[in-house]
Amino acid sequence: MLAKIFTSIGLIFSLIFQNFGFPSIPRNEDLILKAVLVADIHADADFARDRTNLMREIFSAIGRTQNDADLLVMAGDITNSGDLREYINLFNCLNVYSRIFHRLPEIGNHDSWHHSDDPDFKKAERYFKAFCRWNGIFTKKLYYEKTVKEIPFICLGVEAGDFDDPYHSPEQLEWFRKQLSSACATGKPVFVVCHKPVSHLGDNAEEIERIMLDAAETAVAPIVMVSGHRHELDDKTFTQPAERLIYLNLPSMEYTGDGGLGFVAEVSAHELTLTGMNFFTHTPLEGYTYRFEY
C-alpha cells in the first residue's frame, strides 16, 4: 500500500513539473528530425535500486547532451516485468531528466509480464496503454503509427504474453502492410519499431520480413527496422538485407558494458545518419556510424 502511495505521489509530481525543460541545444538547421533510439531499459519498481540509479544517470546524460532531439524511441523491454510501478518510475525519470517532448514506447517481452510469477497479459496490456497515454499516444491497439516532423514511425506490438514466440495477429500484419506502403509513398525515411529482431520473431518472422522487403523494392528512402532484445553491440547491430532496408539492433541501454549506449538518428532532406553513441561520454561509438543518401 505504501509503495502505491509513494509511486502515485511521484506520478503527480512528475506530471506537474514535466514541462520545465533544460535550455535547448542549437543544432544543424538542415536537420528535419533528430531521434534518440534506446532499447531494453528494464525499469525497476524500486526507485532506490542500483538499476534505477543507473537509469537516472543515463537519462540525465541524454538530457544534457541530446536536448535538441525531437523524439525518444524506446524499443521494447522498457520495464523489467510490466509492473505499473516500473512504468511510473520510468515516466518520472523521463520527465525529470531527459525532457524530450515526443516519446515512442514499444512493448517488449518483459513488458508482457515475462518475469511475473502470475502472468496476466490483459493487465500488462492495460499498463502499457496507460504509459502510452501519459506520453501523449492514445492507441486502442498495442501497435500504432506516429509521425514526427513528417517522418513516419510504425510501432509493432505483441498481442499475447511473449515468452518464446511473439504473436502478431493477421489484423496487425495487414495493418502493417498498408501503413508501411503509405509511409513509403511520402518519399521520407520510415522507421519500423519492433522489440525483437526478425531472427527472433518466430512464426511471424517470414511474413514481417516479406512485408518490409516488398515495400523496400519501390521505396525512395530507407526503411529502418529498429529492434532490441539481444542486448549486444556486435556485427549483428547493423545489417542491410536490401538496398533500402536496414536492420538496426540496438544494444541494451543498461546492460551493455557500463550502460549508456544507444543510437541517434538524424534525418535531413536527402540524407539519413545513424550514429551509435555513448551518452555518458557524449562520443560516437567507433565503427557504428552509417550514412545513406536518397
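For the pair H168 and L201, the minimum side-chain heavy-atom distance is below 4.5 Å. Side-chain contact between L33 and F153: present, with at least one pair of heavy atoms (C-beta onward) separated by less than 4.5 Å. Residues I246 and L274 have side chains in contact (heavy-atom distance under 4.5 Å, counting atoms from C-beta outward). In this structure, the side chains of F163 and P119 come closer than 4.5 Å at one or more pairs of heavy atoms. Using a 4.5 Å heavy-atom cutoff, the side chains of I58 and L54 are in contact. Between F279 and M253 the shortest side-chain heavy-atom distance does not fall below 4.5 Å. You'll find the side chain of L94 reaches within 4.5 Å of the side chain of M74, heavy atoms only. Under the 4.5 Å side-chain criterion, counting only non-hydrogen atoms from C-beta, V267 is not in contact with K188.
The same ILVMFWY cluster, assembled from side-chain heavy atoms under 4.5 Å apart, contains both L156 and V198. Under the 4.5 Å side-chain heavy-atom criterion for Ile, Leu, Val, Met, Phe, Trp and Tyr, I100 and I78 are members of the same hydrophobic cluster. Grouping the Ile, Leu, Val, Met, Phe, Trp and Tyr side chains by contacts below 4.5 angstrom, directly or via other members, places F238 apart from V192. Connection of V148 to V193 is established within a shared hydrophobic cluster, with ILVMFWY side chains joined at heavy-atom distances below 4.5 Å, either directly or through further cluster members. Under the 4.5 Å side-chain heavy-atom criterion for ILVMFWY residues, a single connected hydrophobic cluster contains both M225 and Y143.
For S98 (side chain) and I62 (main-chain N/O), no donor-acceptor pair under 3.5 Å exists by modelled atom type. No donor-acceptor distance shorter than 3.5 angstrom exists from the side chain of R51 to the backbone of D44, with no hydrogens or angles considered. Here the side chain of T65 pairs a donor or acceptor atom with the backbone of A61 at under 3.5 angstrom. The backbone N or O of N89 lies less than 3.5 Å from no partner atom in the side chain of N92, so there is not a single donor-acceptor pair. Between the Q172 side chain and the G157 main chain, a donor and an acceptor come within less than 3.5 Å of each other. Checking side-chain atoms of T256 against main-chain N and O of S252 turns up a donor-acceptor pair under 3.5 Å. Side-chain atoms of H110 do not come within 3.5 Å of backbone N or O of S81 as any donor-acceptor pair. Of the possible donor and acceptor atoms, one in the side chain of S112 sits under 3.5 Å from a partner among the backbone N and O of D162. In terms of modelled atom types and a separation under 3.5 Å, the side chain of E86 and the main chain of T79 share no donor-acceptor contact. Although no hydrogens or angles enter the test, the distance criterion places no donor-acceptor pair under 3.5 Å between the side chain of T239 and the main chain of K236.
Rounding to the nearest 0.5 angstrom, the gap separating the OG atom in S199 from the CZ atom in R230 is 7.0 Å. Taking CD1 of I41 as the start and CG of N80 as the end, the distance is 12.0 Å to the nearest 0.5 Å. Between the CG atom in L72 and the CD atom in Q66 there is a gap of 10.5 Å [rounded to 0.5 Å]. One finds the NZ atom of K141 at 7.5 Å from the NZ atom of K129 (value rounded to the nearest 0.5 Å). Atom NE2 of H42 sits about 12.0 Å away from atom CG of L90, to the nearest 0.5 Å. Atom CD of E209 sits about 10.5 Å away from atom CG of D214, to the nearest 0.5 Å.
At a cut-off of 3.5 Å, with distance as the only test, a side-chain donor of T147 or E145 sits close to an acceptor on the other residue. If you check the side chains of T275 and E266, you find no donor sitting under 3.5 Å from an acceptor. Remark: the R64 side chain and the S60 side chain contain an N/O donor-acceptor pair separated by less than 3.5 Å.
Enclosure of atom CG in D165 by more than 12 non-hydrogen atoms of other residues, nucleotides or ligands within 6.0 angstrom is indicated. Heavy atoms of other residues, nucleotides or ligands lying less than 6.0 angstrom from CD of E206 number 12 at most. No more than 12 heavy atoms of other residues, nucleotides or ligands lie within 6.0 Å of CD in E150, so this atom counts as exposed by the packing criterion. Within 6.0 Å of the CG atom in D234, the count of heavy atoms belonging to other residues, nucleotides or ligands exceeds 12.
Annotation for L104 and C155: closest pair CD2-SG, 2.9 Å, computed over non-hydrogen atoms. Closest approach of Y294 and V220 over heavy atoms only: CB-O, 3.6 Å. Here the closest heavy-atom approach between residue Y167 and residue A160 is recorded as CB-CB, 4.2 Å. Nearest heavy-atom pair, L71 versus R103, reported as atom, atom and distance to 0.1 Å: CD1-N, 3.9 Å. Nearest heavy atoms, N249 versus G228: ND2-O, 2.8 Å. In terms of heavy-atom proximity, D258 sits nearest to F280 at O-CE1, 3.6 Å.
A salt bridge does not link R210 with E207: none of the charged nitrogens is closer than 4.0 Å to a carboxylate oxygen.
Y127 and W113 have tilted rings, their planes meeting at an angle from 30° to 60° on a 0 to 90° scale. Between Y290 and Y288, the ring planes are perpendicular. Angles over 60° get that label, and only those under 30° would be called parallel. A perpendicular orientation is assigned to the rings of F131 and F91, their planes being inclined by more than 60° (bins at 30° and 60°).
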